[in-house]
Amino acid sequence: MIAPEKLLEAAKALEPQLQEWRRTLHRHPEVGFDLPQTKALVKKALTEMGYTPQDCGKCGVIALAGGKRPGKVILLRGDMDALPLQEESGEEFSSELPGKMHGCGHDMHTAMVLGAAKLLKEHEDEIEGTVKLEFQPAEEIFQGSLDMINSGLLENPKVDAAVMFHVLAGMPLPAGMVLVPGGGITMASCEQYHIVVHGKGGHGSMPNACIDPITAAAHIHIALQEINSRELDPAGFGVFTTGRFEAGKASNVIPDTADMWGTIRTVDPEQKVSALIHQRMTEIAQGVATAYRCTAEVEFSDYCPCMVVDTPLAGNALTYMTELLGKGAMDMTPLTGGKPGGGSEDFAFVSHEVPTVSMFLAAGNAKEGYTYGQHHPKVRFDDSILYCGTAAYTYMALRWLAEHQ
């Protein structure tokens with residue numbers, strides 16, 4: 001198997017190509033399952049490397065490296081979708097599409113897995129088993145992973161272990177640092193909610209002839225905070241956030257309806273906390289709406305489970321990343337205290353099916369001018385670390401397959 005230092009050199013030599021892929025994707029962000037240009041770039045690149053990429057699900061792509069020697073199968077995931085966000089980063093390669101931005105770093109992930117694909121193809125005879133490369137859509141809406149699983153992602157050949165990296169911006173960490181979690185639940189579950197408050201619209205000068213859904217919705221929003229402060233176990237984790245509130249189009253019109261959208265996050269695999277939040281949100285929304293002569297509908301959708309990291313695989317990952325990067329790899333447990341983070345990731349669906357590890361790669365800190373974090377319109381990512389991610393994906397796959405015959 002290629003030595004770690006040689007692999008890093010090979011990955012570093014790919015840096016111009018990695019940046020070209022990443023910046024092209026960044027200029028042309030696409031969201032959800034609607035990724036025609038992104039998918040075309042990925043399939044073209046894979047084909048030019050000698051792969052035969054296959055469609056998987058609504059918009060996913062998979063390719064296989066190795067398979068010439070017997071062994072297990074390891075999955076490497078790179079997500080491809082962007083956010084419905086207007087970019088304000090000031091990068092010279094900023095989004096050319098209004099209202100769309102790679103504000104979470106998925107363009108980085110796609111480029112890194114393409115880089116790993118190239119290195120794996122060059123060392124294909126050394127692969128003791130098979131590497132399945134996954135390019136996934138719709139991570140931001142928590143639908144892409146499950147769609148690909150339902151379309152056979154984990155079969156033919158059957159996957160034995162799965163790996164993902166996620167870049168981090170704006171964190172006080174050296175660029176290129178790999179963080180490896182311990183085992184157990186490391187990220188929260190997440191689901192969407194939508195509350196519709198129905199009233200009776202009319203002219204703003206005659207509120208007495210109307211039933212104002214905005215007033216009711218505002219009181220619902222305030223009343224829902226009581227669940228967090230008074231009904232959930234302070235020692236546990238359960239949070240919901242209303243991030244979007246819409247009502248009306250004109251300043252002198254009372255609308256018929258008001259809408260609220262948000263997310264619920266827990267670290268309860270049995271969903272008991274989620275069930276309590278569902279019940280109380282529904283009761284409060286409908287009760288408060290009634291008090292203000294309105295009615296309310298509450299819907300829950302797009303559930304994504306909590307991420308479960310396999311303890312032995314996480315141990316392997318820390319060993320391999322230390323071999324590759326030395327002090328450039330670290331156990332993130334001292335940073336988190338072993339507690340799950342509040343963020344969510346739809347690769348969690350995979351983690352409930354096969355042993356999985358989700359690692360993080362620092363991609364710029366405030367001292368280096370990377371001030372903002374993920375999902376901010378001004379977020380920037382240091383793409384000089386792309387080769388680190390490429391090498392990390394590649395070494396993780398080669399090393400794990402060699403050790404798990």
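For reference, positions follow the sequence shown, starting with 1. Please read these numbers as outputs of a predicted model, since none were measured by experiment.
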Between [atom1] of [X] and [atom2] of [Y], what distance do you get to the nearest 0.5 Å?
{"X": "Glu139", "Y": "His109", "atom1": "CD", "atom2": "NE2", "result": "9.0 Å"}
{"X": "Leu153", "Y": "Met148", "atom1": "CG", "atom2": "CE", "result": "5.0 Å"}
{"X": "Arg27", "Y": "Ser95", "atom1": "CZ", "atom2": "OG", "result": "11.0 Å"}
{"X": "Ile211", "Y": "Cys294", "atom1": "CD1", "atom2": "SG", "result": "6.0 Å"}
{"X": "Cys388", "Y": "Leu324", "atom1": "SG", "atom2": "CG", "result": "8.0 Å"}

Is there a side-chain contact between [X] and [Y], using heavy atoms and a 4.5 Å cut-off?
{"X": "Pro98", "Y": "Gln86", "value": "yes"}
{"X": "Glu134", "Y": "Leu76", "value": "no"}
{"X": "Glu226", "Y": "Ile284", "value": "yes"}
{"X": "Met108", "Y": "Ile385", "value": "yes"}
{"X": "Glu283", "Y": "Arg280", "value": "yes"}
{"X": "Val309", "Y": "Thr186", "value": "yes"}
{"X": "Met80", "Y": "Val42", "value": "yes"}
{"X": "Leu64", "Y": "Val131", "value": "no"}

- Task: Using ring-ring contact (aromatic ring centres under 6.0 Å, His included) as the criterion, point out the one residue from Phe300, Tyr193, Phe240 that pairs with His278.
- Result: Phe300
Can you tell me how the ring of [X] sits relative to the ring of [Y], calling it parallel under 30°, perpendicular over 60° and tilted otherwise?
{"X": "His404", "Y": "Trp400", "value": "parallel"}
{"X": "His194", "Y": "Trp261", "value": "parallel"}
{"X": "Phe360", "Y": "His166", "value": "tilted"}

Atom [atom1] of residue position [X] - does it have more than 12 heavy atoms of other residues, nucleotides or ligands inside 6.0 Å?
{"X": "Lys200", "atom1": "NZ", "answer": "no"}
{"X": "Lys132", "atom1": "NZ", "answer": "yes"}
{"X": "Glu270", "atom1": "CD", "answer": "no"}

On a heavy-atom basis, which atom in [X] and which in [Y] lie closest, and how many Å separate them?
{"X": "Thr390", "Y": "Met112", "value": "OG1-O, 3.3 Å"}
{"X": "Val298", "Y": "Ala285", "value": "CG2-CB, 3.7 Å"}
{"X": "Ala247", "Y": "Ile214", "value": "CB-CG1, 3.6 Å"}
{"X": "Thr130", "Y": "Leu401", "value": "O-CD1, 3.8 Å"}
{"X": "Ala161", "Y": "Val159", "value": "O-CG1, 3.2 Å"}
{"X": "Leu179", "Y": "Met330", "value": "CD2-CG, 3.2 Å"}

- If you measure from the Lys or Arg side-chain nitrogens to the Asp or Glu carboxylate oxygens, is any gap between Arg293 and Asp212 under 4.0 Å? no
- Task: Run the salt-bridge test on Glu246 and Arg244 with the 4.0 Å N-O cut-off and return the result as yes or no.
- Result: yes
Could you tell me whether a side-chain N or O of [X] sits under 3.5 Å from a main-chain N or O of [Y], the two making a donor and an acceptor?
{"X": "Asp79", "Y": "Ala138", "result": "no"}
{"X": "Thr336", "Y": "Gly338", "result": "yes"}
{"X": "Tyr393", "Y": "Gly78", "result": "no"}
{"X": "Arg380", "Y": "Thr371", "result": "no"}
{"X": "His106", "Y": "Ala82", "result": "no"}
{"X": "Glu88", "Y": "Lys378", "result": "no"}
{"X": "Asp302", "Y": "Phe142", "result": "no"}
{"X": "Gln405", "Y": "Glu128", "result": "yes"}

Between [Y] and [X], do the side chains contain a donor N or O and an acceptor N or O under 3.5 Å apart?
{"X": "Ser384", "Y": "Asp382", "value": "yes"}
{"X": "Ser89", "Y": "Glu91", "value": "no"}
{"X": "Glu30", "Y": "Thr38", "value": "yes"}
{"X": "Gln192", "Y": "Tyr303", "value": "no"}
{"X": "His198", "Y": "Glu297", "value": "yes"}
{"X": "Gln19", "Y": "Asp383", "value": "yes"}

- Message: Using the ring-ring contact (aromatic ring centres under 6.0 Å, His included) criterion, which residues pair with His26? Sequence neighbours excluded.
- Response: Phe93
- Residues which pass ring-ring contact (aromatic ring centres under 6.0 Å, His included) with Phe381, listed by chain and number, not counting sequence neighbours: none
- Query: Passes salt bridge (Lys or Arg N to Asp or Glu O under 4.0 Å), Asp55 versus Lys43? Steps please.
  - Reply: CA-CA 9 Å; Asp55 293 341; Lys43 294 184 75 170; 2.8 Å; yes
- Message: Show, in sequence, the C-alpha distance, side-chain angles and deciding distance for Lys12 and Glu9, and conclude whether the salt bridge (Lys or Arg N to Asp or Glu O under 4.0 Å) test is met.
- Response: CA-CA 5 Å; Lys12 181 69 172 177; Glu9 289 176 9; over 6 Å; no
Sequence neighbours left out, cut at 3.5 Å: what donor-acceptor pairs do the side chains of residues 341-358 make with other protein atoms?
from: Ser344; atom 1: OG; to: Ala188; atom 2: O; distance (Å): 2.9
from: Ser344; atom 1: OG; to: Ser189; atom 2: O; distance (Å): 3.3
from: Ser344; atom 1: OG; to: Arg265; atom 2: NH1; distance (Å): 2.8
from: Glu345; atom 1: OE1; to: Arg77; atom 2: NH2; distance (Å): 3.3
from: Glu345; atom 1: OE2; to: Arg77; atom 2: NH1; distance (Å): 3.2
from: Glu345; atom 1: OE2; to: Arg77; atom 2: NH2; distance (Å): 2.9
from: Glu345; atom 1: OE2; to: Phe347; atom 2: N; distance (Å): 2.9
from: Asp346; atom 1: OD1; to: Gln136; atom 2: NE2; distance (Å): 2.9
from: Asp346; atom 1: OD2; to: Gln136; atom 2: NE2; distance (Å): 3.1
from: Asp346; atom 1: OD2; to: Gly144; atom 2: N; distance (Å): 3.4
from: Asp346; atom 1: OD2; to: Ser145; atom 2: N; distance (Å): 3.0
from: Ser351; atom 1: OG; to: Val308; atom 2: N; distance (Å): 3.2
from: Ser351; atom 1: OG; to: Ala348; atom 2: O; distance (Å): 2.7
from: His352; atom 1: NE2; to: Cys306; atom 2: O; distance (Å): 2.8
from: Thr356; atom 1: OG1; to: Val354; atom 2: O; distance (Å): 2.9

- Compute both the distance and the angle, then confirm whether Lys39 meets the cation-pi test with Phe135: under 6.0 Å from the six-membered ring centre, within 45 degrees of the axis. no
